[in-house]
Protein chains: 2
Amino acid sequence: MASTIKDVAKLSGVSPSTVTRVLQDKSSISEATKKKVREAMASLNYHPNVNARSLASNKTNVIGVVLPKDSDIFYQNSFFPAVIRGISQTAADHQYSIQLCTGKDTNQRLAILKDTILGKRVDGLIFLYGEIEDPLVEFAIDQEFPAVVIGKTLSPLISFVDNNNEKAGFDATEYIIQKGAKSIAFIGGRDQLFVSRDRLKGYEKALKKYDIPINDSLIAQVSEFTREQGYHTLKELLKEGNIDGLVTADSLFTEGAVRYLNEKQIHLPIITFDSVQPSVRIDAYVDIHTLELGRSSFKLLRNVIKSYNNKNMMCYRQIIDHSIKEM
Amino acid sequence: MASTIKDVAKLSGVSPSTVTRVLQDKSSISEATKKKVREAMASLNYHPNVNARSLASNKTNVIGVVLPKDSDIFYQNSFFPAVIRGISQTAADHQYSIQLCTGKDTNQRLAILKDTILGKRVDGLIFLYGEIEDPLVEFAIDQEFPAVVIGKTLSPLISFVDNNNEKAGFDATEYIIQKGAKSIAFIGGRDQLFVSRDRLKGYEKALKKYDIPINDSLIAQVSEFTREQGYHTLKELLKEGNIDGLVTADSLFTEGAVRYLNEKQIHLPIITFDSVQPSVRIDAYVDIHTLELGRSSFKLLRNVIKSYNNKNMMCYRQIIDHSIKEM
DNA sequence: CTGAAAGCGCTTACAG
DNA sequence: CTGAAAGCGCTTACAG
């Protein structure tokens, strides 16, 4: 059997509570005692049982990472691995583990989330998506459970970290304008997604700044995030008239669009948004600094947890830079 | 405060142990009692505390998923999201949660793994990679801790699930041969990776079957998984002479290679291996059925855990089909 | 600077 | 079919 805190206490000639205090490196414990106890731990190869600890202390040192439903585009995107990387890097620095919350549909996901919160599996949650009226986020708010959303959210009661997507859309469009384009198409996702909507706003602002009239027939809002949609949407847009530049809100669109352009041997300046360098060759992409989104979300969550423990429920917001990367 | 098992016991007029048995749906409990207890649970909005449960029962209903170090190519690959999806689907069906184990280097990862095993955070482990002499896998074996590797492994003491990569390499190559190619290039990863090595073996077998001489100057083993490597490797291969077909062991290679071919306006039949449809247009890809790899790994792990509990430590192996998908 | 005691919320033999 | 008791391995006031 694995050794327990009692074994360590016995071997080092102190009480179990003192062993706990050594584990917590309390300043009240003398160095001599600490040394003694640590030696005992080492010689017994002692490792604290986290379940006992969680039960007694009412904290788990685990955070839950909530994913969209598992058929989501999300799983085909470079965003997911990158943001997980960022979160887990920072989490590891603070001795936190990561538990995944996902499921096949909203019902299953909500059930799992309830079990996660009410079963006291985690100390806090990071939602990897921002959606209007998400029942999971609402449940967390309802339970006054510490949580951070990566992405925009309407509720004033929840913390979030996000890019300035409007500014990013503006910068992207300006980049294409500076390539000499005047007739710039935009392919985005459905309007309910904050990200797409904000990037589109930025696109329009940039056109205005450069006195380029906004032409609705150059703007496509696509319901499904797929390459096929990118392919066909661009094809349709080209029928509408001349296009000499392209801004896409997602790399999957870009891949489809580029395929069509290659087939037709058309050359356009193109920019998109991504977490890593896109797989097709285009002019540039807006790097949304996903690693940093992940890292910051964890740091924010720690602050939220602390403030909840002090009963003064704070809400934090943070905007992460983006940058244009030429390829 | 959240209600506990005692509250439920009191309200329904039974003992706490009976409440536990209802929770476990034991057949020894009468339906009348079950009904009564369940009503009490519902009215109190009772949810079991998983930490208390884990402590008392010595099982957590959590499995750990072990990732390579976080700078790995792995995180750029479609494999990761797909296999996570497969695991979590099956895990959800069995009331299991998933905890992630990763870190910046082998040391940190090993420390986290030790804490995970010795701290009793999880009931078993799934390793998402197969490598020669991995210290983490060895630690798990040493501790006689239930684990499954996705990928090949040399140790006879550990369970795994994998594709038949040699057969997959054979099938891929045969596909290209049937397109009429005779001078077929192969781009794979470094020889230490079981996957690459086995696919290469299959390639050679296929050539033999069709009496095509093996030409070493058409075979490249690339150390780094990047698009740039794909690009340059193909460029070099083409210098060596004529190529009329291409097999690549990873989609990132393919993307790079295709970029070069497009630039040079060269057309070749190409096949690669992937978890989802590759982003560049090629002839076909070998779908390695990653979702199924994930699902099976979880099922295997459950069996391993059961057999360890019965003190007869079983070791399971399972091969997952692949299939060629034309594009 | 340290210890004794109570408790966290479950489960599991044991007994009937 | 069900209950009383002991225990899982920690932590946390309280007390000195």
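Worth knowing before you read on, the calculation uses all heavy atoms, side chains too, and leaves out hydrogens, waters and symmetry mates. Note on naming: letters A, B, ... go to the chains in the order of the sequence lines (proteins, then strands), and numbering restarts at 1 for each one.
Heavy-atom contacts of chain B under 4.0 Å fall on DNA chain C between two terminal nucleotides, which in 5' to 3' order are C/dG9 to C/dA13.
Paired with A/Y129 under the rule side-chain contact (heavy atoms from CB on, under 4.5 Å), one option of A/L67, A/V149, A/I150, A/V66 passes, and it is A/V66.
Ring pair B/F298/B/Y96: centre-to-centre distance below 6.0 Å. For B/F80 and A/F80, the distance between ring centers is under 6.0 angstrom.
We find the OG-CD1 distance between B/S88 and B/I98 to be 4.5 Å, quoted to the nearest 0.5 Å. Remark: A/I29 CD1 to A/S17 OG distance equals 8.5 Å, nearest 0.5 Å.
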Would you please test B/S12 and B/E39 for side-chain contact (heavy atoms from CB on, under 4.5 Å) and show each step?
CA-CA 8 Å; B/S12 49; B/E39 280 167 6; over 6 Å; no

Applying side-chain contact (heavy atoms from CB on, under 4.5 Å) to A/I84 and B/T102, what does each step give before you reach the verdict?
CA-CA 10 Å; A/I84 288 281; B/T102 182; 5.9 Å; no

A/K306 and A/Y308: CA distance, side-chain angles, deciding distance, side-chain contact (heavy atoms from CB on, under 4.5 Å) verdict
CA-CA 5 Å; A/K306 276 184 206 154; A/Y308 275 52; over 6 Å; no

Passes side-chain contact (heavy atoms from CB on, under 4.5 Å), A/K120 versus A/N58? Steps please.
CA-CA 8 Å; A/K120 302 198 185 275; A/N58 206 23; 3.5 Å; yes

What pairs of donor and acceptor atoms, side-chain ones from residues 44-56 of chain B against any protein atom, are under 3.5 angstrom apart with sequence neighbours left out?
{"unit_1": "B/N49", "atom_1": "OD1", "unit_2": "B/N51", "atom_2": "N", "d": "2.8"}
{"unit_1": "B/N49", "atom_1": "OD1", "unit_2": "B/A52", "atom_2": "N", "d": "3.1"}
{"unit_1": "B/S54", "atom_1": "OG", "unit_2": "B/V50", "atom_2": "O", "d": "2.8"}
{"unit_1": "B/S54", "atom_1": "OG", "unit_2": "B/K59", "atom_2": "O", "d": "3.4"}

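Using a cut-off of 4.0 Å between Lys/Arg side-chain N and Asp/Glu carboxylate O, A/D162 and A/R317 are scored as not salt-bridged. The pair A/K35-A/E31 does not meet the salt-bridge criterion, since no charged nitrogen lies less than 4.0 angstrom from a carboxylate oxygen.
B/V19 comes within contact range of no nucleotide atom at all, as no heavy-atom separation falls under 4.0 Å. Heavy atoms of B/T20 sit under 4.0 angstrom from at least one base atom.
Interface residues of residues 50-60 of chain A facing DNA chain C, ordered by number: A/L55, A/A56; criterion, heavy-atom separation under 4.0 Å. Of the residues in residues 23-46 of chain B, those lying under 4.0 Å from DNA chain C by heavy-atom distance are B/Q24, B/Y46.
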Map every base of DNA chain C to its dot-bracket character, where paired means a Watson-Crick or G-U wobble contact with both distances under 3.5 Å and | marks a partner outside the strand.
|||.||||||||.|||

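Residues in residues 137-153 of chain A take part in these side-chain hydrogen bond (donor to acceptor under 3.5 Å, both in side chains) pairs, two or more places apart or across chains: A/K152-A/D198.
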